Student: 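There's a structure below that I have some questions on.
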Amino acid sequence: MSKHADRAYDPAAIERKWQDAWDRNGTNAFTLDQLRTARRPFFNLMMFPYPSAEGLHVGNIYAFTGADVHGRFKRMQGHDVFEPIGFDAFGIHSENFALKTGIHPMELIPANVANFRRQLRRIGGMFDWNHTVDTTDPRYYKWTQWLFLQLFKRGLAEQKEAPVNWCPSDMTVLANEQVIAGMCERCGTPVEQRRIRQWFFRITDYAGRLLENLDHIDWSASTLKAQSNWIGRSEGAELRFPVVPDGGGKAAHPGTGAVISVFTTRPDTVFGASYVVLAPEHPMVDQVTSGPFREAVGDYRTRAREMDLVTRQKAGKEKTGMFTGGYCINPATRKPVPVWIADYVLMDYGTGAIMAVPGHDQRDYEFASRFDLPIVRVVAAPGEAGDTSGVEAYEEPVGTLVNSGSYNGTPVREAKLAIVDDLAARGKAERKVNYRLHDWCISRQRYWGPPIPVIHCDHCGVVPVPEEDLPVVLPRVEDFRPDPSGVSPLARVRDWYEVPCPSCGGDAVRETDVSDTFLDSAWYFLRYPSADFGDRAFDEAVTGRWLPVDAYIGGNEHAVLHLLYSRFVVMALHDMGHLDFEEPYKRFRAHGLIIRDGAKMSKSKGNVIIPDPIIERYGADTFRLYLMFLGPFMEGGDYQDKGISGPRGFLHRLWESIVPRDGALPTDPPDREVERRLHQTIRQVTEQVADLRYNTAIAAMMAYLNVARARGRTPRRDEIEPLVRLAAPFVPHIAEELWQRLGNDGSIFDGARWPGYDPAKAAENRVRVAVQVNGRVRGTVLTPAGSDREEVAALAQAESNVARHLDGAEVRRIIHVQDRLLNFVVG
RNA sequence: GCCGGGGUGGUGAAAUCGGUAUACACAGGGGACUUAAAAUCCCCCGGGCGCAAUCCCAUGCGGGUUCGAGUCCCGCCCCCGGCACCA
């Protein structure tokens with residue numbers, strides 16, 4: 001009699017049993033010693049979640065399951081798979097939630113984390129709970145602050161003034177996403193712009209390397225593309241337009257030799273530059289503005305400065321601007337052109353000034369039309385110049401130059417080089433590469449984040465907190481609402497921010513801004529394997545063994561910021577000698593998104609899936625299997641409630657194939673057809689799981705089980721047991737149970753290797769070949785595999801329907817694709 | 001506007017080195033078992049004509065290349081995601 005009294009598939013019971021067993025036996029957790037000595041380390045990383053009050057959502061479970069399947073697959077292939085998870089728990093999201101509910105984040109977050117741990121355990125992920133991180137734990141953010149100090153020491157952290165969105169009603173700084181049509185998303189008040197001193201990391205110093213390395217890492221193509229677009233390399237030139245000392249009558253500083261530098265990617269159009277525009281914030285505005293224009297220009301600057309950043313930067317808005325009264329010399333035509341200011345020119349790109357070529361730039365064209373500035377065409381399109389009637393500015397960089405003096409007739413491509421060279425000879429130009437990437441502003445005028453570890457001293461200036469004084473602990477503050485001062489709520493906590501200067505010992509104050517959440521997540525993967533170490537951010541030996549990350553799976557919503565910031569941090573740590581690699585993730589794959597019944601899930605639509613009841617009803621294995629089955633993992637898919645019954649039925653049939661006989665399976669003679677299908681299935685599942693094509697791998701397993709159980713037959717042990725192994729990464733609990741009921745001890749993930757297949761056994765010996773006449777299928781013939789053209793043709797011609805179509809026609813050609821198709825081309 | 005990814009049965013989706021389009025599932029229909037329901041099992045299931053068929057039509061639309069196109073090329077339309085005055 002069996003020791004397993006219960007023969008019905010009871011997911012809740014076996015899932016509890018195996019989750020307990022994994023915890024008890026340390027199946028998925030490494031000891032420090034094991035981390036130090038693992039022979040085939042494989043770091044399987046997934047994006048750690050933000051522990052919201054709502055709990056894990058289906059998107060999280062989808063992502064984690066897909067990553068977990070990969071990790072379990074690698075483990076069965078013999079790797080030592082390290083699969084940690086943690087909590088990205090700082091940030092504005094919890095702060096706002098806390099403000100709304102009145103629960104302090106220091107209570108809210110631990111409760112949320114506890115709930116997440118319960119849910120993560122329940123979905124059966126292979127998580128190493130010995131090596132988890134919580135970014136809000138001082139033992140973690142001590143090292144986030146340490147990281148800041150390293151960047152500071154290296155000169156990669158600096159303070160500069162930058163605009164922020166400010167809601168005068170909520171009295172708070174807003175992120176760009178919180179500004180909707182110029183209004184605060186929460187209260188609808190028009191948003192203002194404030195300029196404050198903030199901390200920046202000089203990521204732009206690394207723009208070139210961050211771009212070049214993209215060629216050498218194995219990432220999803222879409223992610224690579226998003227990064228390179230974000231970095232946005234532009235090749236062009238900086239051209240110099242000398243300011244006319246007495247342009248509009250009375251210049252402010254005559255004869256100073258002032259020069260306006262502009263960046264352009266189209267130096268070939270410089271003869272068409274009929275005016276120059278400065279950004280409102282450009283430092284030379286006062287210098288070029290002449291007396292009568294001063295007041296109007298000043299007003300314009302003030303308005304531009306106060307406008308919220310979102311409206312200000314919106315494309316397609318009507319162009320505004322103001323003439324400064326000043327002029328400068330176009331270095332190509334050597335004629336004076338007027339200098340304007342306009343907010344469509346951005347101070348933080350290029351030089352903050354442009355040469356306007358309205359004939360060949362749509363924005364300049366709109367501006368010139370509005371203000372009656374000259375529009376000169378200097379490039380003729382190939383062929384007909386007159387066919388540009390529908391186009392306002394001709395922006396294509398193809399054609400030949402006109403109205404360009406001695407360059408007339410030169411193709412654009414050549415002119416670009418020649419004009420820069422010639423102007424450079426006169427000191428009026430130089431080649432230049434510009435990046436769209438901006439420095440990373442890490443200051444947040446908020447409460448719920450790690451304090452930036454610097455101290456401001458009247459005598460010594462900015463003094464970094466000594467490393468031995470870390471962490472700078474975020475104090476518990478009951479009232480952390482923002483206030484009208486425009487600085488962090490920490491600026492109200494005097495006994496926290498008043499400290500002696502570490503350098504001179506005099507009175508000094510702490511920095512009260514906290515750092516960006518993206519800084520917490522920019523290095524968390526370094527911390528996981530070193531979580532045992534209290535005295536260093538990451539241990540050299542352990543890091544050397546486990547990093548860089550072997551496989552990273554996550555959402556493409558982080559294609560740019562998180563992935564770019566972490567690349568920057570690793571590159572900088574590499575340059576400082578802390579790491580011996582400069583790219584954090586060898587392989588990155590972006591998964592798709594789950595939608596439901598064709599629509600994005602959202603609370604307002606009421607179509608959000610709550611995972612807990614589904615797991616309770618069907619079990620984690622069924623849920624996992626369905627999620628992986630509903631569409632291609634890297635593309636996402638449509639969640640349909642009824643669809644879960646397919647995977648559920650599959651697991652039932654798998655269970656029924658083994659359990660009712662207590663593992664005493666039939667000993668009939670082997671069935672060659674089933675054996676062949678088994679080997680084909682192993683091949684297919686192995687290839688597809690390795691490639692994250694989970695949906696088709698599952699389909700192959702289902703098809704195989706259908707064959708093995710066809711006409712009511714019960715599969716032999718050697719037919720079903722390999723299927724249990726193939727399915728194990730997807731459905732770990734039932735796999736463990738079936739593995740045990742088949743008479744094995746221990747975990748299937750340690751005891752069972754991933755099955756191999758025998759190509760000879762997978763090979764079909766007879767194949768059905770399609771027979772076409774002029775490309776249309778007219779029949780099929782069954783032939784021995786590997787038959788040649790003549791053999792197949794002979795069989796095909798004997799096929800009555802084929803013969804009918806060939807009747808009376810002359811066969812001009814026969815196309816043969818071995819074991820697939822034969823095509824008679826007739827005349 | 002720019003950059004990605006897509007448009008295939010009633011539905012989710014297979015098939016992408018050009019080679020039998022619709023695997024695997026869901027829903028639906030029919031049947032078995034059952035007092036009944038649930039569960040389970042079996043059969044059918046792109047459209048058309050039809051007794052039937054590898055007869056015709058069908059992979060968003062229009063052209064093209066090819067013996068052969070869901071797949072490649074040209075020109076469009078639509079959906080999803082990201083970026084958006086970056087000179």
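The sequence lines fix the lettering, A, B, ..., with proteins before strands; numbering per chain opens at 1. Model, not experiment: these values are computed from the prediction.
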Student: Tell me if the side-chain of K319(A) makes a donor-acceptor pair with the base of rC85(B), cut-off 3.5 Å, by modelled atom types.
Tutor: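 When only heavy-atom distances are counted, K319(A) does reach the base of rC85(B) through a donor-acceptor pair under 3.5 Å.
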
Student: Over all strands shown, is N706(A) touching base, sugar-phosphate only, or nothing at heavy-atom distances under 4.0 angstrom?
Tutor: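 Sugar-phosphate: the residue N706(A), judged by heavy atoms under 4.0 Å, touches backbone atoms but no base.
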
Student: For rG1(B), give its Watson-Crick or G-U wobble partner with both distances under 3.5 Å, or none.
Tutor: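 rC83(B) is the nucleotide pairing with rG1(B).
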
Student: How close or far is atom P of rG82(B) from atom CZ of R436(A), stated in whole angstroms?
Tutor: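 To the nearest whole Å, that distance equals 15 Å.
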
Student: Quick check: are there more than 12 heavy atoms from other residues, nucleotides or ligands sitting under 6.0 Å from CZ of R768(A)?
Tutor: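 Atom CZ in R768(A) is crowded, with more than 12 foreign heavy atoms closer than 6.0 Å.
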
Student: If you go through the side-chain atoms of Q772(A), does one of them form a donor-acceptor pair with the base of rG19(B) closer than 3.5 Å?
Tutor: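 Answer yes: a donor N or O sits under 3.5 Å from an acceptor.
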
Student: Scan L346(A) against the nucleic acid and name what it touches under 4.0 Å (heavy atoms): base, sugar-phosphate only, or nothing.
Tutor: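 The residue L346(A) makes base contact.
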
Student: For the side chain of P632(A), starting at C-beta, report the closest nucleotide among rA14(B), rC67(B), rA87(B).
Tutor: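 My answer, after comparing the listed nucleotides, is rA14(B).
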
Student: Within the pair N229(A) and rG82(B), is there a side-chain N or O less than 4.0 Å away from OP1 or OP2?
Tutor: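 No.
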
Student: Establish, with yes or no, whether the OP1 or OP2 oxygen of rA87(B) is under 4.0 angstrom from a side-chain nitrogen or oxygen of S234(A).
Tutor: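 Checking S234(A) against rA87(B): at least one side-chain N or O falls below 4.0 Å of OP1 or OP2.
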
Student: May I have the distance from R776(A) (atom CZ) to rG68(B) (atom P), rounded to whole angstrom?
Tutor: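 Rounded to whole Å, this separation is 11 Å.
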
Student: Only one of M628(A), M634(A), H591(A) clears side chain to side chain contact (heavy atoms under 4.5 Å, CB included) with L692(A); which?
Tutor: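 So the option named by the test is M634(A).
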
Student: For H805(A), answer base if it contacts any base atom (sugar-phosphate contacts may also be present), sugar-phosphate if it contacts only those atoms, and nothing otherwise; contact means non-hydrogen atoms under 4.0 Å.
Tutor: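 Sugar-phosphate: the residue H805(A), judged by heavy atoms under 4.0 Å, touches backbone atoms but no base.
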
Student: Applying a 4.0 Å non-hydrogen cut-off, can you work out what R596(A) is touching in the nucleic acid: base, sugar-phosphate, or nothing?
Tutor: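 If one applies the 4.0 Å heavy-atom cut-off, R596(A) turns out to touch nothing in the nucleic acid.
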
Student: Heavy atoms only, 4.0 Å cut-off, all strands: where does N823(A) land among base, sugar-phosphate and nothing?
Tutor: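 If one applies the 4.0 Å heavy-atom cut-off, N823(A) turns out to touch a base.
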
Student: Taking only Lys NZ, Arg NE, NH1 and NH2, and the carboxylate oxygens of Asp or Glu, determine whether R676(A) and E764(A) approach each other closer than 4.0 Å.
Tutor: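 Judged by the 4.0 Å cut-off on N to carboxylate O distance, R676(A) and E764(A) do form a salt bridge.
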
Student: Can you tell me how far P of rC3(B) sits from CD of Q227(A), to the nearest Å?
Tutor: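 My rounded result for the distance is 19 Å.
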
Student: Checking all strands, does F629(A) fall into the base, sugar-phosphate, or nothing category for heavy-atom contacts under 4.0 angstrom?
Tutor: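 Answer is base: heavy atoms of F629(A) come under 4.0 Å of a base.
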
